[in-house]
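Keep in mind it's a predicted model, so treat the numbers as computed, not measured. Throughout, residue positions are numbered sequentially from 1 according to the sequence presented.
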Amino acid sequence: MSLYGDLDKATALSAPKRSGSTPESDVRTVHAIRSEEDLLTVRHAVRDATQRTGFGLVDQTRIVTAASELARNAYVHGGGGTLSLEAVGQGDRRGLRLEVSDQGPGIADLDQAFTDGYTTGAGLGHGLGGARRLMHEFHVDSSPGLGTTITALRWNERR
């Protein structure tokens, strides 16, 4: 389900790297989400990547908040997964792409999952929709029993 833009048009740029991450290539870092401690590690890695790609403080906070929510969903609802970070460009635009994947039960009804107040857990039901609102582009690939992959991108609007 693609909700905003075309994430495939963005091209990978040089890597925002952080110690402790696993480089999948020279432009992408992948972080495991297996524990509460990993959620904190992911949060720091995303903050570091936003700083390295030149985002202002407000956008850093937006991206870290969205990444934290998506990573927590993968941990709580998907039984763990991964978060990858990639600096991307399109023309003179620069941005940061997040991809959060898990092998959990998947999302049966995406429209319902995006409805504010809907929850399958103990939360307030604003996380997935809130994460979508914080990013410029957002794509969910999920099928019941096959897990979920969410790709989100925020462009740096600073010049």
Side-chain angles (χ1 to χ4, degrees), residues 3-4 7 10 12-89 94-107 110 113-142 146-158:
L3 298 172
Y4 296 111
L7 294 166
L13 300 174
S14 59
K17 293 182 178 177
R18 180 176 172 82
S19 64
S21 65
T22 304
E24 188 171 88
S25 71
D26 62 342
V27 297
R28 187 175 187 203
T29 58
V30 179
H31 304 268
I33 304 168
R34 296 175 300 235
S35 67
E36 292 279 341
E37 291 78 22
D38 288 341
L39 296 174
L40 185 59
T41 299
V42 163
R43 189 173 177 87
H44 287 296
V46 173
R47 173 73 69 190
D48 186 50
T50 62
Q51 291 171 343
R52 289 176 186 256
T53 51
F55 282 94
L57 184 58
V58 172
D59 278 341
Q60 289 176 30
T61 302
R62 287 178 176 135
I63 296 167
V64 169
T65 300
S68 294
E69 181 60 34
L70 298 176
R72 180 161 290 286
N73 283 350
Y75 176 65
V76 172
H77 301 290
T82 59
L83 178 141
S84 71
L85 294 167
E86 186 173 32
V88 296
R94 300 292 178 255
L96 188 64
R97 179 173 27 218
L98 315 171
E99 182 179 288
V100 179
S101 295
D102 67 60
Q103 300 298 313
I107 302 171
L110 281 175
F114 280 115
T115 302
D116 281 340
Y118 175 78
T119 182
T120 58
L124 298 174
H126 298 286
L128 190 59
R132 179 176 66 176
R133 289 188 291 272
L134 292 170
M135 303 299 280
H136 290 128
E137 300 180 22
F138 202 88
H139 176 85
V140 178
D141 183 13
S142 184
L146 299 176
T148 300
T149 297
I150 298 176
T151 307
L153 187 149
R154 183 149 186 101
W155 294 107
N156 189 346
E157 297 174 327
R158 293 175 70 181

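Taking OG1 of Thr50 as the start and CZ of Arg62 as the end, the distance is 12.5 Å to the nearest 0.5 Å. The distance from atom CG of Leu40 to atom OG of Ser68, rounded to the nearest 0.5 Å, is 9.0 Å. Leu39 CG to Glu69 CD: the interatomic distance, rounded to the nearest 0.5 Å, is 10.5 Å. To the nearest 0.5 Å, the span separating CG on Leu83 from CD1 on Ile33 amounts to 5.0 Å.
When side chains are defined from C-beta on, Leu134 does not count as touching Thr61, because their heavy atoms never get closer than 4.5 Å. Residues Thr148 and Val100 form no side-chain contact, since every pair of their non-hydrogen atoms from C-beta on lies 4.5 Å or further apart. Side-chain contact between His31 and Leu85 is present, with at least one heavy-atom pair separated by less than 4.5 Å. Between Phe138 and Leu70 the shortest side-chain heavy-atom distance falls below 4.5 Å.
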Give the intermediate values and the outcome of side chain to side chain contact (heavy atoms under 4.5 Å, CB included) for residues Ile150 and Asp141.
-> CA-CA 6 Å; Ile150 298 176; Asp141 183 13; over 6 Å; no
Begin with the C-alpha distance, continue with both residues' side-chain angles, and end with the deciding distance and a verdict on side chain to side chain contact (heavy atoms under 4.5 Å, CB included) for Glu99 and Thr149.
-> CA-CA 7 Å; Glu99 182 179 288; Thr149 297; 3.6 Å; yes
Audit row: Arg72, Glu36, salt bridge (Lys or Arg N to Asp or Glu O under 4.0 Å) steps and yes/no | CA-CA 9 Å; Arg72 180 161 290 286; Glu36 292 279 341; 3.3 Å; yes
Derivation and outcome, side chain to side chain contact (heavy atoms under 4.5 Å, CB included), residues Arg154 and Phe55 = CA-CA 10 Å; Arg154 183 149 186 101; Phe55 282 94; 4.2 Å; yes
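Nearest heavy atom pair, residue Arg94 against residue Gly89, reads NH1-CA, 3.7 Å. The nearest pair of heavy atoms linking Met135 to Leu96 is CE-O, 4.4 Å. Shortest non-hydrogen contact noted between Val42 and Ala32 is CG2-O, 4.3 Å.
Judged as a salt bridge (Lys or Arg N to Asp or Glu O under 4.0 Å), and not counting sequence neighbours, the contacts of Asp38 are Arg34.
With respect to the salt-bridge test (charged N to carboxylate O, under 4.0 angstrom), the residues Arg97 and Glu137 do not qualify.
Distance alone, capped at 3.5 Å, places no donor-acceptor pair between the His136 side chain and the Leu153 backbone. A donor-acceptor contact shorter than 3.5 Å links the side chain of Asn156 to the backbone of Thr53.
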